[in-house]
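Residue numbers begin at 1 in each chain, while the letters A, B, ... track the order of the sequences. It should be emphasised that the depicted structure is a prediction, and the values quoted were computed from it without experimental measurement.
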Amino acid sequence: MNKHKIFSPGSIYFLLMCVLLYLPILLLIIFSFNDSTRLVFPLKGFTLQWYGKLYENRELLKALGNSLMIGFGSSLIATILGTMGAIAIVRFKLPGRSVFLAVSALPLVIPYVIFGVSLLILFNEVGIRLSAFAAGLAHVIISIPYALLIISSRLVGFPDNLEEAAMDLGASYWGALLKVTIPICSPALLAAFLLCFTISFDEYAIASFIVGTDATLPVYLFSQLRFPTRLPMVVALAAVLMIVTMAVMLFTEWLRRVGQSPAKKG
Amino acid sequence: MENRRQFASLIGPPSLYLFLLFLLPVGLMFVYSFRAGITGPAHDVFTLDNYRSFLTNSHFHRLFWRSALISLTISVISSLLAYPLAYYLVFQAGRNRVTLMTLLIIPAWTSYLLRIFAWKLILGSSGLLNSLLLSLGVIEKASPMLIYSRSAVIVTLVYVWVPFVALPIFAALGRIDRNLLEAAADLGCKPWEAFLRVTLPLSLPGVAAGFFFAFIPTLGEFVTPLLVGGASGQMYGNLIQDQFMRALNWPMGSVMSLAMLVAVITLVFILTRLASVSDLGGVYE
C-alpha cells in the first residue's frame, strides 16, 4: 500500500485544482470590497459602499422578493410531490413505477433552453401570463427529480414494517404515513426543500424565457451586466449570493447525511 | 386492490404535474414544429417546410456540429483533469478522501450563473487576468483575446464541470477490489502495467458517466456563450434562443429544439448502457 505522503505529485495536483476552483469565488468576494468602480488589479482600498448600494436598490429588492416567493412556493410543491412519488416507487412494486421513474428523471438531462421554450409555447397557448408565477411552475419540474432522489434514498434506509406496526396498532394507511413515515423522513424532507429552493433561487435559463417583466434575482443580475457602472454593485450582490448558497448547501448536505444514516439516530 | 388504490393516489399528483408541465409542453412544441407561423392565419396552416429548411440550412448544421465539438472538447478536458483527482483521492488520500471530495465539490454548489459571471470578470479585456498580467509586467498591452471566444467558453465550462466529472470516477475507482491490484503485483505487473490493465479498464464506466455528465448539459448551453462567448463562441442553444426571443420564428425554433431533444435522449440511452446506474447516482452517494 502507498504511504500517505503529504507532498506527493497527487496531493500537489489536488491542491492546485482546489485553488483554481475556489479562486474565482474568492476574487468575487475580494472585489466586492474594492474601492473602485473598475474591476482591475491593483486593489484600491476597502469599502462597504457597494453593499450599501444593494440596500437602496428597489428594483433589486423587488427581484429578491420574486425569487424568494417562487423559490419558497416551487420547493414546497416539489417536496410534497417528490415525497408522494418517492413513497410510491419505494414502497410499491407495481406497474407504472418504471415509467414514472424515467419521466421524472428526464428533467435532469434535458437542456434548460428546451424547457424554457416549450413552456413559453404552453403558457402562450393556454393563456397563462408570463410572470414570476409561471417561472415558479417551471421550477417545480426541475426540482422534482432532486426531491425524489433525496427522499427515496431515506425511505430505502428504513424498513416498511414500521408502517405495518402502526397499522397493526390501529392506524389507517394514511395515518401511518403521516405519523410514522413523514416524521422519520423529516431531515430528508428539509434537505430536499432546501436543495429545491437553491435550484430555483439560482435558475436563470428557464426563467429568462418566462418571467415576463417580473425579474427574478438571476434575471435582474444578468440584465445589469450591460451597465459597466453598476458592475461593482453586481459583484457585491454576487458575493452575498455565493456565500448564502454555499452555506445553505452545506447545511443541506449535513441534513441529508443525518437523514440517510438511520443507525446513528436509532 | 387496496394496494393499487394507495399507489395510484400517491403517484397520481406528481404524474399529473409532470404530464401538464413537462410532457404536454414538449408535445405542443411538436405540434408547433409543423406550423407555418404563430400569428394570424399562418397559425393554423400545417407544413413540413420547417423541417425541410432545417435539413437544408447549412448554417444550422455548422452551429450544431460546432456546439457538439465544443461540448466534446469540454468533456474530454474535464475527464482528463478529473481522473487524476479522483485517483489521488481514492488511492492516496487515505481516510480523508470523502472530506476532500466534499471540499472539491463545494464550489460547484454555489450559483452556476455567478461562477460563469466570475469568469467573465476574470477574462474580460479590462478584466482581472489582463490587469494582473499588466501590473506584473508579463504583458505590455491588455489582450482582448481572452474573452468572447470559443476558448473562453471552454475554459469556463471546464471549470464548472470538473468537480461533477470527478464524482462518478471517484465512485468507480472506489469500488475496485484492492486484491486485484495485489494479485497483479504478485504476478509481476509493474505499477503502471497494473494501472493500464486493471485499474483503468475497471474505472471506464465511471469515466463514461463523468464524460456524459459534462457532455449532455453543455450541449444545450446558451448562457455561458452569451456571457463569455462572443460571436465565435455561439452555440446551438443560442440559435434556439434567438428563434424564440428575437426572430420570433417559434416553429423553426421548435424543430431545432426537437432535434436537440432527440440527440440528448439518444445520448442518455447510450449512457445508461455504458455505465452502471450507481455511477450515475455518484452525485448522491
Side-chain angles (χ1 to χ4, degrees), chain A residues 2 4 8 10-11 13-14 17-18 21-22 24-25 27-28 38-42 81-82 84-85 87-88 92 94 96 100 103-104 107 109-114 117-122 125 137-138 140-141 144 149 153 173 202 204-205 209 218 221-222 235 238 241-242 245-246 249-250 253, chain B residues 3-4 6-7 10-11 13-15 17-18 21-26 28-29 32 84-85 87-88 91-92 94 100 103-104 106-107 109-115 117-119 121-122 126-128 131-132 135 159 163 216-217 219-220 222-223 237 240-241 244 250 253 257 260-261 264 268 284:
Chain A
N2 282 314
H4 306 313
S8 64
S11 70
Y13 178 69
F14 178 83
M17 288 301 276
C18 268
L21 285 170
Y22 281 91
I25 298 171
L27 283 173
L28 269 186
R38 293 180 64 228
L39 295 161
V40 292
F41 282 111
L81 294 177
M84 299 174 91
I87 296 173
F92 298 88
L94 287 171
F100 176 77
V103 172
S104 61
V109 293
I110 292 182
Y112 283 1
V113 60
I114 294 180
V117 300
S118 69
L119 286 163
L120 184 62
I121 291 175
L122 174 81
E125 194 75 4
L137 288 178
V140 174
I141 292 286
I144 283 178
L149 273 164
S153 60
Y173 176 69
D202 181 35
Y204 170 76
F209 287 100
L221 194 141
F222 200 94
V235 170
L241 291 178
M242 281 279 188
T245 47
M246 220 186 296
M249 287 300 291
L250 274 173
E253 181 62 14
Chain B
N3 255 353
R4 265 168 208 278
Q6 290 161 356
F7 177 71
L10 283 169
I11 212 163
S15 306
Y17 198 99
L18 284 168
L21 281 127
F22 173 33
L23 299 181
L24 185 65
V26 173
L28 269 176
M29 196 163 77
Y32 264 68
L85 277 178
Y87 188 90
Y88 164 74
F91 291 104
Q92 290 166 14
L100 292 179
L103 191 68
L104 209 57
I106 288 171
W109 281 341
T110 64
S111 169
Y112 169 75
L113 182 67
L114 295 177
R115 274 176 296 143
F117 171 59
W119 277 95
L121 299 179
I122 293 170
S126 57
L128 298 178
S131 65
L132 184 67
S135 61
Y159 169 77
I216 294 169
L219 207 55
F222 77 98
V223 180
I240 295 179
Q241 194 216 9
F244 279 89
W250 290 19
S257 304
M260 165 161 282
L261 197 61
V264 166
V268 171
Y284 304 96

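Proximity to chain A involves both the backbone and the side chain of P84(B), based on heavy atoms less than 4.5 angstrom apart. For L121(B), the part sitting under 4.5 Å from any heavy atom of chain A is the side chain, from C-beta outward, and nothing else. With a threshold of 4.5 angstrom between heavy atoms, L261(B) approaches chain A through its backbone and through its side chain. Heavy-atom distances place the side chain of Y32(B), and not its backbone, under 4.5 Å from chain A. Contacts of Y159(B) with chain A are made by both backbone and side-chain atoms, with heavy-atom separations under 4.5 Å. If you measure heavy-atom distances from F209(A) to chain B, the contacts under 4.5 Å come from both the backbone and the side chain. Proximity to chain A (any heavy atom under 4.5 Å) is restricted, for L23(B), to the side chain, taken from C-beta onward. For F222(B), the part lying under 4.5 angstrom from a heavy atom of chain A is the side chain only. Proximity to chain B (any heavy atom under 4.5 Å) is shown, for L250(A), by both the backbone and the side chain. Contacts of F14(A) with chain B are made by both backbone and side-chain atoms, with heavy-atom separations under 4.5 Å.
Heavy-atom pairs under 4.5 Å with chain B peak, among V140(A), I144(A), I87(A), at V140(A). Ranked by heavy-atom pairs shorter than 4.5 Å toward chain B, the options L94(A), L27(A), I25(A), L28(A) are led by L94(A).
Counting heavy atoms from C-beta outward, M246(A) and I106(B) have side chains that approach closer than 4.5 Å.
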* Asked: side-chain contact (heavy atoms from CB on, under 4.5 Å) between V235(A) and F117(B): does it pass, once the steps are laid out?
  -> CA-CA 9 Å; V235(A) 170; F117(B) 171 59; 4.1 Å; yes

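Listed here is the closest heavy atom pair of P24(A) and W119(B): CG-NE1, 3.7 Å. Across all their heavy atoms, G85(A) and P14(B) have their closest contact at N-CG, 3.9 Å. For R115(B) against M242(A), the heavy-atom pair with the smallest separation is N-CE, 3.8 Å.
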